[in-house]
Amino acid sequence: MRTVILASLRTHTRRYGAALLAIVVGSAFIVVTAALSSAVRDGLTAGIGEPYAGADAVLDRPSSGDAARLLAAAPGDDADAWLVGWTMQQVAREGKVIDSSTDIAQVPDRPAHRWQDLLDGRFPGAPGEALVDTNAAKAKQLALGDRLRIGTGSSALEVTVVGIADSPSNHAVASVYLLWSDLSRWADSLYVGSLAWSGGGYDAARSAIRTVVPDAEPTTVPAFLQELQREVNNGVDIIQVVVLLFGAIALVVAVLVINNTFTILFAQRSRDFALLRCVGATRSQVLRSVRLESVALGVLAAIIGVLSGLGAGYGLVALVRAQWPGARLGHADVAPAWLAGSAAVAVGVTLVAAWLPTRRAVRISPLAALRPDDSTQARTRTGRIRIAFGAVMLVAGVLGLVAAVATANVGALAVGGATVFLGVLLFGPILVPALIRATGPLTRRLLGPAGRLAAGNAVRNPRRTAATVASLLIGVTLTTAVLTGMASSRSAVSAEMDEQYSIDLTVTAQGPLPADAVDRLAAVDGVAAAVPVPGAVATIDDLAPLPLLPASADGDATVLHGALPTPGPRQVLVPWDLLGDGLEVGDVVPVTVGDRTRELRVAGGEGWGEAALVRRTTLDALAPAAAVHAVWLRAAGDADPEDLAGSVEAIAAPVDAGVENGLAKRSYVDLQLDVLTGGVVGLLAIAVLIALVGIGNTLGLSVLERGREHALLRALGLTRRQVRRMLATEAVLLSLVATVLGTALGVVFAWTAVRALVQPAIDGAGLVLPWGQLGLVVTIAALAGLVAAVVPSRRASRIAPAAGLSLD
Amino acid sequence: MTSLTSPQPPAPTVALAASARGLMKSFGRDDTLVHALRGVDLDLPAGRFTAIMGPSGSGKSTLMHCLAGLDQPTAGGVTVAGQALEGMDDDTLTRFRRDHVGFVFQAFNLLPMLSAAQNIWLPTELAGRDRERSLRERFDGIVETLGLTERLTHRPAELSGGQQQRVAIARALLSAPAIVFADEPTGNLDSSSSAEVLSLLRQSVRELGQTVVMVTHETEAATYADDVIVLADGRITERRQAAA
Ligand SMILES: Nc1ncnc2c1ncn2[C@@H]1O[C@H](COP(=O)(O)OP(=O)(O)OP(=O)(O)O)[C@@H](O)[C@H]1O
Ligand SMILES: [Mg+2]
């Protein structure tokens, strides 16, 4: 039997090529994921303790108010305190906005505690000096001596770049570092990750901290770092699991491809098997020989997969480290367990995929060898049980989806969706040929006899066709579901954003704006409309003086995307970042303009700039002669948020007005949705790629099987080009049917997901079809089908008719 | 063939459907070199039923493949329907076959996914001639003669071996080709089906004026032919005319 196994491996290895490729891609993906996540983990945790060197105690996530009080109290005696935290501010240079949202952090006052690694220049020694991160400097082309304007309006700060530094810790990195004396102006909007305290050991530090913030719970540095490390690890683990989920999807597709390969190969070799049985091989001998064959394939795939995964993973990490140091990847280090796991998955997947086909192969009777070859009419009958099962799955799945919509339950959604999908797969052998036949008239019209032959070929073995289509169906369904779901969420989110950032840009000043400001702002390139808003500077409780604006201004409909919140007659809306320290929502406080005072109830809100919002009537009562204190702008549709902010800033800065850039925030959310969509689709692309390999594979094996048929067609007058066109058409038909079916399913799934998940969260969210993207998916699938057909169709057309006729 | 109007060289006695001069064909090289044909000169007159006979491996199929433009001879020339085949590129050759040559093989004659009628129409469809009215009438006539009227919608798998061969003959005759090649058309059939197929081929020669060349090694089959050519080891060893 050994000779048989070896001989058949030799003759058939090439036919296993595609199956091999499918497993290799899947298992390599696992290793690459492990390499990348180890590099990310290494990058995130490297030097994680550096910013806390010299500290005696660390306070985890204090409020910004507590942090400010602690920093103010520390320099008293021997103690020092510094914080790891950020505020996001606009940064401009020479009137041009470089970045509308840059992270600004602290450089500690004491040289001993400055954890940043200075590369060039010096550390800031006085207010108005800034240290810039080297990667940020490269990205934004900042150099020593550059003058930057950080923030807008009355809190804006002019600084000079005096040093370039690198961060030893990815966890504490920021783009710009300032001394506390400068940074403290944004204490309200500061997110403080941790506060380090040094002086006199842990106990002394602890009691010093607790004298300022009585209920603070500082920890020792090692305890804090351990917790931090754990959090980072958890984060990476979660990402890793999500990415591996896509690997699992790719592997499921690989199972389908391999299963199909084995089924086809064994069908082609059924006469060999029967002959073996005739000459005396027992059933178990034949079974063992084909099982061994699949094990050999799995082991080979595991070796190639692990090695190529290691190569690709380490290569990718090295490439990213060399090309994009800003990505801050660490070193890759794949644990042996990952390699073993990936290899085991490769072998396991192969065995699972080969199980059914091998059993079918040995069930053949010895007599089959003596019967005339009927492989060409192998019209596998679709079992009734299969259909009944499929129907049950479809009904159960649809019920699951209905339940998911009714109860907004994610679990029901996933289970229902998967069940419906399995039902469709079971119906595949009926559904797919029916769809292909439906395209018959069209292909015939377009491509003539070659087209008709292709349609006939595509449906002649329904189960094989269905399995091939199924592999692509998975990827396409998920891709279109994600694209449609994202498009729907995006439109829901953008409706939400219209409410939240209803004004593109606000220019708000502490004093009356000059008369020509409105006209000059309206004239800025990229501004579609400008509306002057009257107001007055008010004192609200203990807050610093703040412009008080009406919630509606004359002509504001031309600038508003959505309605601003409407304050009640005895209400004042205060920006969220001013609330919390002393002033709380619900407080009734005195609001004073000049000599008039009203008692108003505080509520929070944002989206109209650095100002408080009241009813028009309230403002009239407090300030009968209100002058223009703000201008609200509507950007043109194609305006670049950064450029526009720069131009507006140039007008606003000289008159001491602050600019709030709602447009940039909206486009940031858009960008995040784009990145998310791109990432998910990119990961799904692996499954699609494997499926396309599968289509090429099925076609290639069918070409081998149909050698004599092609020779006959060539003898009867089909030209080489027509043979190629016939096979290409078959591949395109398969991929198109998979794509069209997948798109339909994907849209249905997206619709249920939107109904179940997005609508409860965002009112009025509906299904939005991204026609362009869906069209692109169909086009790409059709083209990929063409590409998949290149090799098989060339091989088929090259065969000389006489040679083909003597094949058996 | 009456419908064929290709320019023919002035023929001494009868028009030639095909001819070969100094035909050689070898396969492989060095150790595996096989001379399948070692110089064959052959004239196949139009409107006659010729049988090519000889022992297994004598080169019958190879000769037929070369004559039909399915394979390129190593040396020598072939002329079919007045046109020399050498120098034709693959596409021209394919189109030539489609228009001027019909085939019946021993087995695997039909495309499994097409019905009998679709199989019969296939070559004319490939040539884009399937809408011609004259062909439709010819189709009806041939199908009736061959007794296939009831079987037209069946797939090959649903037909007996003899019926399959009759479908193949109908396909070969439909376009009224200059010459029909049949390679052991009865090799898989029992004696009564064989007799049926052979008389149909002879009938097509007698009644439709078709030229038919049949490869066979059954002496029985050769008795249906007008002319018999015997091949041995790649050479013609005997030519005889059967009692007409
Ligand atoms: N493709 C090929 N490659 C190598 N040798 C070939 C090939 N085709 C035919 N031959 C050889 O050429 C010789 C003639 O073969 P051919 O098929 O013409 O014989 P035949 O007379 O048709 O035999 P049979 O009656 O068995 O069909 C044989 O020796 C055969 O081995
Ligand atoms: Mg032969």
Side-chain angles (χ1 to χ4, degrees), chain A residues 371-379 381 433 436-437 440 444-445 447-462 464-465 702 705-726 730 797-808, chain B residues 25 27 36 61-73 89-115 118-130 155-158 161 168 171-172 174-175 177 181 183 188:
Chain A
R371 283 200 292 266
D373 184 4
D374 62 349
S375 70
T376 49
Q377 41 189 345
R379 307 177 105 253
R381 224 175 297 118
I436 291 179
R437 271 194 209 100
R444 180 146 193 217
R445 170 92 59 78
L447 296 160
R452 197 193 59 189
L453 289 169
N457 280 335
V459 299
R460 76 158 89 169
N461 196 328
R464 185 185 295 182
T465 308
S702 301
E705 196 174 76
R706 296 184 205 144
R708 276 227 305 229
E709 216 173 293
H710 291 150
L712 179 68
L713 280 168
R714 295 274 289 120
L716 294 179
L718 205 65
T719 62
R720 284 216 165 116
R721 191 170 320 122
Q722 280 176 310
V723 170
R724 277 203 295 270
R725 194 187 297 162
M726 177 176 81
E730 188 178 345
S797 68
R798 228 182 290 129
I799 198 162
L805 286 169
S806 53
L807 290 173
D808 71 344
Chain B
K25 176 75 186 174
F27 294 101
S61 297
T62 308
L63 174 62
M64 192 203 92
H65 290 161
C66 289
L67 286 174
L70 289 172
D71 211 349
Q72 303 277 357
D89 67 11
D90 189 81
D91 276 1
T92 323
L93 209 54
T94 304
R95 252 173 253 123
F96 179 82
R97 279 200 303 271
R98 193 158 79 187
D99 295 337
H100 298 299
V101 184
F103 292 98
V104 181
F105 298 106
Q106 175 176 1
F108 205 79
N109 253 310
L110 307 175
L111 289 179
M113 69 281 191
L114 301 184
S115 68
Q118 287 171 330
N119 264 293
I120 296 174
W121 279 109
L122 186 61
T124 35
E125 192 192 337
L126 292 175
R129 291 173 52 200
D130 53 330
R155 305 226 167 197
E158 298 155 354
R171 182 186 64 200
L174 179 60
S175 63
F181 289 102
D183 192 354
N188 278 356

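Proteins get letters first, then strands, A, B, ... in listed order; numbering begins at 1 in each.
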Would you say the side chain of A:L712 lies within less than 4.5 Å of the side chain of B:L110, judging by non-hydrogen atoms? no
Indicate whether any N or O donor in one side chain lies under 3.5 Å from an N or O acceptor in the other, for A:R720 and B:T94. no
Point-to-point distance, once rounded to the nearest 0.5 Å, from [atom1] of [X] to [atom2] of [Y]:
X: B:R95; Y: A:T719; atom1: CZ; atom2: OG1; answer: 6.5 Å
X: B:R97; Y: A:L718; atom1: CZ; atom2: CG; answer: 10.0 Å
X: A:R714; Y: B:D90; atom1: CZ; atom2: CG; answer: 4.0 Å

Between B:L93 and chain A, which part of the residue has a heavy atom less than 4.5 Å away: side chain, backbone, both or neither? neither
Measuring heavy-atom distances to chain B, does A:R452 have an atom under 4.5 Å in its side chain, in its backbone, in both, or in neither?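 Contact with chain B involves the side chain of A:R452 alone.
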Quick check on B:Q72: does its CD atom have over 12 non-hydrogen neighbours (other residues, nucleotides or ligands) under 6.0 Å away? no
What's the shortest heavy-atom distance between B:F105 and A:A715, and which atoms? CZ-CB, 4.3 Å
